[in-house]
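Below: one structure, written as structure tokens.
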Amino acid sequence: MEEKTAKSLNFIEEIIEEDLKNQVYDGRVHTRFPPEPNGYLHIGHAKSICLNFGIAKKYNGMTNLRFDDTNPVKEDVEYVDSIKEDIRWLGFDWEDRLFYASDYFNELYNYALILIRKGKAYVCDMTADEISETRGTLSRPGKESPYRNRPVEENLDLFTRMRNGEFPDGSSVLRAKIDMASPNMQMRDPVLYRILHTSHHRTGDQWCIYPMYDFAHGQSDSIERITHSICTLEFEVHRPLYDWLIREIGIYAPRQIEFARLNLSYTVMSKRKLLELVQEGKVTGWDDPRMPTICGLRRRGYTPEAIRNFADIIGVAKRDNVIDVSLLEFCIREDLNKRSNRVMAVINPLKVILDNYPEDLTEEMEAINNPEDESRGKRKVPFSRELYIEKEDFMEIPSQKYFRLSPGKEVRLRSAYIIKCESFVKDPSTGEITEIHCTYDPKTRSGMPESNRKVKGTLHWLSVKHAIKAEIRLYDRLFMKENPDEAVEGKDYKDFLNPDSLKVITGQIEPSILRANPGDKFQFERIGYFCVDKDSAGNNLIFNRTVTLKDSWVKIGKNQ
RNA sequence: UGUCCGAUGGUGUAACUGGUAACACAACUGACUCUGGAUCAGUAGAGUCCAGGUUCGAGCCCUGGUCGGACAACCA
């Protein structure tokens, strides 16, 4: 039986269900995701992708992928390839419906002709500056172009010649003839076509005039018979223009619905700023694990499932929002907790010597791969007389609530024995503790009856002679400020970059990870989730920290 | 100053479409635990931007404000 969770609809679903009920689009739901191939996709796009594909799926509809490639000077195939890869990775499929606005350049050109013939568009020879100056301001109407009333025949001739390449870039444009006094700036005779002697990544040198986004987007949706054009809030004021164009041209009209874009705390989301970070070397590239890009998150160790769940949880509405990164982190922890195998790794090693353990003995300790999933089985971890533990797991003078290792105290070694600290060696010049001497209790090996003895703390460990060295990249948030975009006098977002967003250290890991491949994800017990970086090769293992484990000890520490 | 949009705990989203504010994250307690993880139980936190109005009854409707956002590329 279908369990109706009665999950409330978001405002977009409400509109769609209303349309469905009223048979507005013959019961069809057809959405699209329309990126411009001028940058990499980020988590904000993921929200839109999940929305568009998710809604279509929910209502048995379809979703197209369409590249809005109307500006050849900014666009590139590198971006179309990455965008396709990222959408597929997120788990969505546009099947055979991959389109480009450039597929419609002919139709669009013909639409322009229709407008010209109706006297609704004209060729304007003013310079960009002149057009800008005569546009008026928010409170003052604009001035009409002296070319506004050119006869239809002249416009037709001029536009044809524009297309034929008779004029240089910038010499003239095609504009809609609407209303220079409109209170909506978008309606003040917007530019429809501009001259650009630039070859296009798909149409090559076929065209030297290109439609503006506003003249391509709505009509492209119309051509594809999109029912619901879901886009972000900034296009709300453009909607009257799209409606006008579609009405004047006389073609099918989709319904546009605007929603508030995603903002995430401690990062920036604008393509321009992300590009800047890449170009200025603030990060290593679009896929730097600190970037909020899809490829960055992927490299960081995020899973598509976690991102999809995140998109679902944050909801959709029209009010501006800033989602706390901790919610994203919650989503990835929740996912990785269930699916990643556990492994022991020591980030900051401190040597422990078991004085009563035989010199040459090596035991194989059986460790559970994932306590959340028995089917993941067990593995062997070598154990010997000299071990590494984490430096912070020993305290010479422990506080009340510290239940790790300290002089005279007992602690459990995960999947192994209970040990007791007998003494320690301190470097007299630095005061640094360099070595701990312990005894182990042979009757407390995991699984033995006496191992059930209550011991407060459990530590992860590594056998010194079996440990594998690996580079570990500890990532933290890219910005120190919750909202780096917030205007602060004399500063911009780059002044808030977190200098500690990446720490590279050499850590030690148990030998079982030698079989790991790039992309593999693990939980380093008691530390966090890590994944093998793509730079990792052979003996040169590299791990990225995806996210730390929740750690209530840090809080206790802070409060003391 | 113009047009459009928005306003609900710290954050985000709900509220059977007018019936007495809920869920998640975050925070805090405690239990349990061979991960100070996970899990479980619980606590605190908004009276819904303000002022009027309609109504037996308003977060939902109306009016007027306030605050915030978007729009003045030959960008998308």
Side-chain angles (χ1 to χ4, degrees), chain A residues 6-10 14 34-36 38-39 68-71 73-75 124 126-128 131-133 135-142 169-175 182-188 190-196 210 212-214 216-217 232-240 258 260 265 271-272 313-324 326-331 333-334 337-338 342 344 367-368 371-372 401-404 412-416 418 444 446-447 451-452 454-460 523-528 548-557:
Chain A
K7 201 189 168 204
S8 54
L9 304 177
N10 64 50
E14 269 173 17
E36 185 195 11
N38 70 340
D68 272 341
D69 54 352
T70 54
N71 185 3
V73 314
K74 286 190 180 172
E75 294 151 8
C124 177
M126 290 199 291
T127 65
I131 290 179
S132 171
E133 283 160 19
R135 176 130 31 219
T137 68
L138 295 178
S139 50
R140 251 179 252 290
D169 286 6
S171 57
S172 40
V173 294
L174 182 74
R175 297 177 74 178
S182 170
N184 181 345
M185 299 293 297
Q186 312 303 323
M187 303 296 269
R188 320 244 263 228
V191 172
L192 268 22
Y193 264 94
R194 76 290 218 185
I195 301 171
L196 243 33
Y210 292 94
M212 298 291 291
Y213 171 86
D214 278 346
H217 187 82
T232 42
L233 249 30
E234 67 267 30
F235 295 107
E236 216 159 10
V237 280
H238 294 239
R239 185 162 16 104
E258 307 86 6
S265 61
K271 274 196 208 173
R272 197 206 93 222
I313 277 178
I314 57 175
V316 219
K318 294 190 74 161
R319 77 182 79 129
D320 293 327
N321 62 86
V322 183
I323 309 281
D324 202 315
S326 64
L327 187 56
L328 218 211
E329 293 175 346
F330 163 80
C331 291
R333 282 195 192 102
E334 181 181 58
N337 175 45
K338 281 179 289 198
R342 266 113 255 228
M344 289 195 281
I368 294 166
E372 308 288 318
K401 289 179 180 166
Y402 188 82
F403 27 90
R404 276 115 98 148
R412 185 190 305 279
L413 293 181
R414 172 119 246 228
S415 311
I418 292 172
T444 59
S446 280
S451 71
N452 289 329
K454 290 286 172 220
V455 181
K456 259 295 198 187
T458 299
L459 308 187
H460 59 278
Q523 183 197 100
F524 289 180
E525 288 207 71
R526 304 210 305 136
I527 301 176
T548 61
L549 248 31
K550 270 213 289 195
D551 185 355
S552 41
W553 168 245
V554 252
K555 282 175 197 162
I556 296 169

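Convention: sequence-line order gives letters A, B, ...; per-chain numbering from 1.
- Following rounding to the nearest Å, A/Leu413 (CG) and B/U35 (P) show an atom-to-atom distance of 13 Å.
- Residue-level contact check: A/Val73 touches neither bases nor backbone, having no heavy atom under 4.0 Å from any strand.
- At the heavy-atom level, A/Tyr402 lies under 4.0 Å from base atoms of the strands shown.
- Contact annotation for A/Val322: backbone-only contact, meaning every heavy-atom pair under 4.0 Å involves sugar-phosphate atoms and none involves a base.
- The distance from atom CD1 of A/Ile527 to atom CG of A/Leu549, rounded to the nearest 0.5 Å, is 9.0 Å.
- An OP1 or OP2 oxygen of B/U3 is reached within less than 4.0 angstrom by no side-chain nitrogen or oxygen of A/Arg188.
- Base contact: A/Gln523 has a heavy atom under 4.0 Å from a base atom.
- Look at A/Lys454 and you'll find a side-chain N or O under 4.0 angstrom from OP1 or OP2 of B/U33.
- Separation of the C1' atoms belonging to B/G12 and B/C16 is 22 Å when rounded to the nearest angstrom.
- Applying the side-chain hydrogen bond (donor to acceptor under 3.5 Å, both in side chains) rule to A/Lys338 yields no partners; only residues at least two apart in sequence or on another chain are considered.
- One can find a donor-acceptor pair under 3.5 Å joining the base of B/U35 and the side-chain atoms of A/Arg342.
- Atom CD1 of A/Ile368 is separated from atom C1' of B/A38 by 13 Å (rounded to the nearest Å).
- Residue A/Pro240 is classed as having no contact, given no heavy-atom separation below 4.0 Å to the nucleic acid.
- Interatomic distance, CZ of A/Arg412 versus NZ of A/Lys454, reported as 8.0 Å (0.5 Å rounding).
- Looking at heavy-atom distances under 4.0 Å, A/Glu14 makes contact with a base.
- A/Tyr210 comes within contact range of no nucleotide atom at all, as no heavy-atom separation falls under 4.0 Å.
- Checking B/A15, B/U11, B/G36 against the side-chain heavy atoms of A/Ser8 singles out B/A15 as nearest.
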Heavy atoms under 4.0 Å is the rule here; annotate nucleotides 70-76 of chain B 5' to 3' with B where the base is hit, S where only the sugar-phosphate is, and - elsewhere. SBBSBSB
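- Secondary structure note: stems in RNA chain B built from 3 or more consecutive Watson-Crick or G-U wobble pairs under 3.5 Å occupy B:2-7 with B:66-71, B:10-13 with B:22-25, B:27-31 with B:39-43, B:49-53 with B:61-65.
- For the pair A/Arg194 (side chain) and A/Gly170 (backbone), a donor-acceptor distance under 3.5 Å is absent.
- Note on A/Ser326: only backbone sugar-phosphate atoms sit closer than 4.0 angstrom, heavy atoms only; bases stay farther off.
- Rounded to whole Å, the P atom of B/A22 lies 28 Å from the corresponding atom of B/A31.
- What separates CG of A/Asn321 from P of B/U11 is a distance of 12 Å, to the nearest Å.
- Evaluation of the side-chain hydrogen bond (donor to acceptor under 3.5 Å, both in side chains) rule for A/Asn38 yields A/Glu36, A/Lys271 as partners, not counting sequence neighbours.
- Residues satisfying the side-chain hydrogen bond (donor to acceptor under 3.5 Å, both in side chains) criterion with A/Arg526, sequence neighbours excluded, are A/Asp393, A/His460.
- Among the heavy atoms of the strands, none lies under 4.0 Å from A/Arg140.
- Among the heavy atoms of the strands lying under 4.0 Å from A/Glu236 are primed sugar atoms or P, OP1, OP2 only; no base atom is included.
- Among the atoms of the strands shown, base atoms are found under 4.0 Å from some heavy atom of A/Gly447.
- For A/Asn321, there are no side-chain hydrogen bond (donor to acceptor under 3.5 Å, both in side chains) partners two or more places apart in sequence or in a different chain.
- By the rule that a glycosidic angle within 90° of 0 means syn, B/G53 does not qualify and counts as anti.
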